[in-house]
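Small disclaimer: the values here were computed from a predicted structure and weren't measured. Labels below follow one simple rule: chain letters A, B, ... track the order of the sequence lines, proteins then strands, and each chain is numbered from 1. FYI, side chains are in, hydrogens and waters are out, and symmetry mates aren't considered; it's all heavy atoms of this structure.
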Amino acid sequence: MGKFMKPGKVVLVLAGCYSGCKAIMVKNIDDGTSDRPYSHALVAGIDCYPRKLTAAMGKKKIAKRSKIKSFVKVYNHSHLMPTRYSVDIPLDKTVINKGVFRGPALKHKTQQEAKVEFEERYKTGKNKWFFQKLWF
Amino acid sequence: MLAAVKMKKSLELINSRFQLIVKSGQYMLGYKQTVNMIRQGKAKSVDLTNNCPALRKYEIKYNATLAKTGVHHHSGNNIELGTGWGKYYRVHTLAIIDPILISLIAYQSRLVKSKTSTVFLSFFFFFL
């Protein structure tokens with residue numbers, strides 16, 4: 001009745017090397033394109049989650065353990081599991097788009113952009129579920 | 001025994017109503033297609049059989065709650081669902097895409113419920 005695959009939705013990646021990782025939908029293409037004739041979505045997700053922090057850790061240690069490694073990828077909808085969560089991080093659409101996969105340098109730049117945004121949001125302490133590793 | 005008879009009767013009636021939808025073609029049978037329809041927001045109602053595997057049932061229910069689509073738990077198993085839709089194969093899950101027919105089915109099922117309940121009551125009073 002309602003479309004729920006929207007930008008900002010948190011999805012779990014089910015296939016590929018990032019399976020089990022949480023990601024945010026950046027752009028959703030429902031009907032498919034000529035080179036991808038199925039419904040797919042561009043997602044930006046977390047590859048390496050920030051590690052657990054305790055009160056006894058010093059500043060330098062905390063900074064090291066709060067690092068996030070991100071990824072950007074285009075997935076078929078059937079390889080994503082939507083959740084009820086959504087995260088409204090302002091991911092820059094001009095930087096994170098489908099044209100990014102042309103070259104590794106562009107892709108790396110996009111991943112850096114996503115990483116910076118994620119780390120900023122992690123430090124504020126919001127959207128805790130998104131930054132926790134999914135245990136399975 | 002009465003409950004079993006009642007259930008069988010309502011199943012037949014529900015199955016006969018499916019003939020309407022089959023003729024109009026506004027449905028999708030099978031797990032992959034129903035999940036696609038739910039994801040795209042096109043499914044107006046989803047049916048699950050009673051022997052649908054628990055994980056699959058849970059996944060469809062979760063997606064349907066996200067899409068605010070109604071899930072109907074069919075009282076038969078996948079063989080009965082397939083037969084009811086006039087197919088020679090088994091069907092665990094199906095999605096109905098046409099909204100008008102959903103309301104028709106809902107209205108008719110409410111009629112059936114009231115009919116069977118009156119039958120039961122009359123039986124009860126007879127034995128009194």
Residue-level interface, [range] with chain B, non-hydrogen cut-off under 4.5 Å:
{"range": "residues 80-89 of chain A", "value": "A:Met81, A:Pro82, A:Thr83, A:Arg84"}
{"range": "residues 24-45 of chain A", "value": "A:Asp30, A:Ser39"}
{"range": "residues 90-126 of chain A", "value": "none"}
{"range": "residues 57-77 of chain A", "value": "A:His77"}

Chi angles and distances behind the side chain to side chain donor-acceptor pair (under 3.5 Å) call for B:Asp47, B:His72: CA-CA 5 Å; B:Asp47 265 15; B:His72 173 246; 3.1 Å; yes
Parallel, tilted or perpendicular: rings of B:Tyr62 and B:Tyr58 (30°, 60°): parallel
B:Asn63 (side chain) donor-acceptor with B:Ile38 (main chain) under 3.5 angstrom: no
A:Lys22 side-chain N/O to A:Gln132 backbone N/O, donor-acceptor pair under 3.5 Å: yes
Quick check: do [X] and [Y] have side-chain heavy atoms less than 4.5 Å from each other?
{"X": "B:Tyr31", "Y": "B:Arg56", "answer": "yes"}
{"X": "B:Ile97", "Y": "B:Met28", "answer": "yes"}
{"X": "B:Met37", "Y": "B:Lys32", "answer": "no"}
{"X": "B:Leu66", "Y": "A:Lys9", "answer": "yes"}
{"X": "B:Lys87", "Y": "B:Leu29", "answer": "yes"}
{"X": "B:Lys68", "Y": "A:Phe4", "answer": "no"}

Joint hydrophobic cluster, A:Val11 plus A:Trp135, side-chain heavy atoms closer than 4.5 Å: no
B:Val91 with B:Tyr88, same ILVMFWY side-chain cluster at under 4.5 Å: no
Working for side-chain contact (heavy atoms from CB on, under 4.5 Å), residues B:Cys52 and B:Thr93: CA-CA 8 Å; B:Cys52 189; B:Thr93 62; 4.1 Å; yes
Interatomic spacing from CD1 in A:Ile46 to SG in A:Cys21 - rounded to 0.5 Å: 8.5 Å
A:Arg51 CZ to A:Leu53 CG distance, which is reported to the nearest 0.5 Å: 10.5 Å
Distance-only polar pair, side chains of B:Thr49 and B:His92, donor-acceptor under 3.5 Å: yes
